[in-house]
Amino acid sequence: MKNKKLTISIIITLLYGIITLISVLHHEIWADEAQVWMLCKNLSIPELINHLHNEGHPSLFYIIVMPFAKIFPNIIYMQLICWFAMCYAVFLLIYKSPFNLIIKFSVLISAGFIYFLPVMARSYSILPSLIFLATLLYLKRKEHPILYATILFCIANTHIMMLGFVGILSLFYIIECIKAKNIKRIQLISITIMIFGILAVILQLHNTTSSNVFINFSFNNIIFNIIRVITLFFVNSYNYEISMKNSFIFPIIDIPIIFGIFISFITLLINLFFNNKKLFLIAFIGIGFQFAIYILAYNSFIYVTRIFIAYIILLACFWILYKENKFNNKYKICSKNVSTFFLTCLFLLTTYNGINYYLSDLKYDYAGAKKAAEFIQKNIDKDSLLLIDNEPYMVSLVYYLQDSHNLFSPYRNKNIKYVVWDPLTIVNTIAEQWIYYIKTNNLQDTKKDIYIIRSNSEENFYSIEKDNNKNFHKIYSTKYIIEGLEGYIIYKYIE
């Protein structure tokens with residue numbers, strides 16, 4: 001029976017791997033993915049550790065990626081790390097979790113599992129497997145305390161939003177050890193690992209808010225931010241395109257589905273509360289800490305990958321509840337059948353989001369950097385001067401150009417290799433300013449062709465084309481991309 005279950009789990013994992021790998025191999029890299037690779041490629045470990053406070057991310061994922069970035073020119077290795085981590089998470093879910101086939105199936109075809117986590121090469125992608133390992137070890141923490149502590153260390157150092165989850169699990173473990181009165185040496189080592197894991201994140205990111213122009217903790221407009229975050233959290237779970245269009249006018253069919261996700265989420269929290277207060281606190285603090293970060297710092301960027309980590313924390317708590325099988329039968333809402341129904345609904349109702357993006361990514365380019373780089377390499381001489389601003393949207397283009405062409409930032413007076421999130425990062429330049437810069441620096445006298453490369457993000461607000469300036473001739477623009485702001489427009493400067 002055990003061998004049969006193992007065989008079925010391997011087969012399902014392989015099928016999942018094949019389906020998601022198709023999208024991984026087709027997916028065009030966008031800025032946030034390229035940034036990780038370019039940092040790992042261009043910095044040493046000490047330089048990387050010193051820089052990460054500016055990123056707002058701890059170091060584990062970067063350290064995993066770095067050897068591949070140093071050895072290989074192709075970012076596919078980072079993509080495969082994320083894809084493999086998700087395949088391993090699926091295997092753990094199918095083989096080790098106590099859920100029935102309905103819940104397992106709904107998780108597998110949910111938006112996070114079918115597209116956003118295996119295809120988007122971000123640090124979030126390694127969290128499901130780490131959280132599932134932590135769940136398994138939570139049940140055996142007395143037998144494997146050091147391994148349990150090590151996994152918590154890794155989770156904390158993957159993303160700052162996991163500090164709440166790791167913190168509450170560490171606190172419960174410390175309380176358990178203190179209650180036992182006779183703390184063993186191996187438990188002290190485990191506690192040290194847990195505490196050091198949290199401190200390591202704090203030490204790495206202690207001055208993020210003063211160095212990263214996009215991360216500023218603020219209590220201004222707190223009520224508005226709470227409403228916005230809660231709305232985006234559930235809307236983006238079902239249909240990420242709604243908020244990408246900056247519109248909250250939903251088709252009628254969307255409203256009950258979004259409401260269904262919300263009700264499922266709240267009901268499951270209530271279910272945990274009445275069944276197991278400890279698991280409720282793990283879920284509430286683990287997810288609540290994420291909400292606090294969104295509300296205070298990230299309220300404009302509630303990406304689906306982040307949202308799904310909250311769902312996976314909730315799933316992990318129910319994993320433990322199902323394994324312990326201690327349901328409170330006093331209230332109907334606490335029954336196992338109710339849990340199964342709402343867990344299924346929570347993940348199943350997000351399926352449209354994932355399948356929509358999966359099919360769209362196969363049909364269209366996710367972002368425009370690959371096609372823009374191909375155009376530049378075929379049509380623009382290597383000695384030409386390529387001027388850029390608004391660097392966050394240029395880093396993926398830097399990756400795809402592979403040193404064949406350099407992108408020059410006039411504000412930094414150098415070619416860019418990766419993004420530094422300081423005030424110069426988000427500078428936008430209008431046509432007259434470009435002309436002034438070119439003439440002031442006598443760039444036209446170098447006899448090099450001069451080009452201005454702009455992202456769709458810039459053109460939406462500071463369009464050179466709309467200025468009708470005769471000094472700039474548009475020679476290229478990206479078409480048919482999913483991530484609308486990740487497109488490019490190239491102008492040739494004509495004196």
Side-chain angles (χ1 to χ4, degrees), residues 29-44 47-48 50-52 54-55 62 65-66 69-70 72-75 78 211-213 367-429 433-459 462 464 472 475-476 478 486-493:
I29 296 301
W30 64 295
D32 285 3
E33 296 167 308
Q35 172 74 347
V36 176
W37 185 261
M38 297 309 293
L39 286 172
C40 293
K41 178 180 178 180
N42 289 286
L43 300 179
S44 65
E47 289 171 335
L48 176 67
N50 185 55
H51 173 83
L52 284 179
N54 182 252
E55 289 294 302
Y62 295 83
V65 171
M66 181 172 275
K70 295 294 187 188
F72 303 107
N74 197 324
I75 202 171
M78 185 175 84
S211 67
N212 188 313
V213 71
K370 184 178 181 181
K371 292 286 177 64
E374 289 172 355
F375 176 86
I376 291 169
Q377 288 164 337
K378 289 179 182 178
N379 298 281
I380 296 179
D381 191 270
K382 288 184 179 182
D383 292 329
S384 300
L385 183 60
L386 308 182
L387 301 175
I388 58 98
D389 57 2
N390 205 335
E391 296 164 17
Y393 292 100
M394 296 296 157
V395 66
S396 49
L397 192 55
V398 173
Y399 161 71
Y400 276 114
L401 287 171
Q402 294 287 353
D403 298 322
S404 66
H405 293 71
N406 291 313
L407 301 185
F408 186 81
S409 168
Y411 298 98
R412 299 192 191 277
N413 197 33
K414 66 177 182 179
N415 299 321
I416 68 161
K417 295 296 181 183
Y418 53 84
V419 180
V420 177
W421 304 96
D422 60 19
L424 293 179
T425 303
I426 53 175
V427 172
N428 292 284
T429 313
Q433 290 172 318
W434 282 120
I435 294 170
Y436 178 79
Y437 174 79
I438 290 167
K439 291 185 175 179
T440 301
N441 291 275
N442 299 314
L443 298 180
Q444 70 272 33
D445 296 337
T446 62
K447 297 185 179 180
K448 291 182 178 180
D449 290 331
I450 301 171
Y451 298 86
I452 310 296
I453 302 179
R454 315 201 78 214
S455 72
N456 286 355
S457 170
E458 295 164 293
E459 285 292 299
Y462 302 94
I464 289 179
F472 298 98
I475 62 171
Y476 175 83
T478 307
E486 294 274 341
Y488 299 89
I489 298 169
I490 303 175
Y491 294 95
K492 185 173 183 178
Y493 174 76

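The shown structure was predicted, so the numbers you read here are calculated from the model rather than taken from an experiment. Residue indices begin at 1 and follow the sequence shown.
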Answer yes or no: are there more than 12 heavy-atom neighbours, outside Y437 itself, under 6.0 Å from its atom OH? yes
Are more than 12 heavy atoms from other residues, nucleotides or ligands located less than 6.0 Å from atom NZ of K371? no
Quick check: do [X] and [Y] have side-chain heavy atoms less than 4.5 Å from each other?
X    : Y    : answer
Y451 : I376 : no
I489 : N456 : yes
L48  : L39  : yes

Which heavy atom of [X] sits nearest a heavy atom of [Y], and at what distance?
X    : Y    : value
L43  : M66  : O-CE, 3.4 Å
S409 : E391 : OG-OE2, 3.3 Å
I388 : P410 : O-CD, 3.2 Å
A369 : I29  : CB-O, 4.3 Å
C40  : K70  : O-CE, 3.1 Å
D383 : K448 : O-CD, 3.1 Å

[X] side-chain N/O to [Y] backbone N/O, donor-acceptor pair under 3.5 Å:
X    : Y    : result
Y393 : Y488 : no
T425 : D422 : yes
N54  : W421 : yes
Y418 : K41  : no

Kindly write out the residues that satisfy side chain to side chain donor-acceptor pair (under 3.5 Å) with H51, not counting sequence neighbours, or none if the list is empty. E55
Just verifying a value: how many Å separate [X] [atom1] and [Y] [atom2], rounded to the nearest 0.5 Å?
X    : Y    : atom1 : atom2 : answer
M394 : Q35  : CE    : CD    : 14.0 Å
F408 : I450 : CZ    : CD1   : 11.5 Å
Y411 : L424 : OH    : CG    : 9.0 Å
Q433 : T440 : CD    : OG1   : 11.5 Å
I416 : N42  : CD1   : CG    : 11.0 Å
Y399 : M38  : OH    : CE    : 9.0 Å

Among L385, V398, L386, whose side-chain contact (heavy atoms from CB on, under 4.5 Å) with H405 holds? L386
Given L387, which of I438, L407, I453 fulfils the side-chain contact (heavy atoms from CB on, under 4.5 Å) condition? I438
With a 4.0 Å cut-off on N to O distance, would you call K417 and D403 a salt bridge? yes
Could you please spell out the steps behind the side-chain contact (heavy atoms from CB on, under 4.5 Å) verdict for V36 and Y62? CA-CA 7 Å; V36 176; Y62 295 83; 3.9 Å; yes
Would Y493 and F472 count as a close aromatic pair, with their ring centres under 6.0 Å? yes
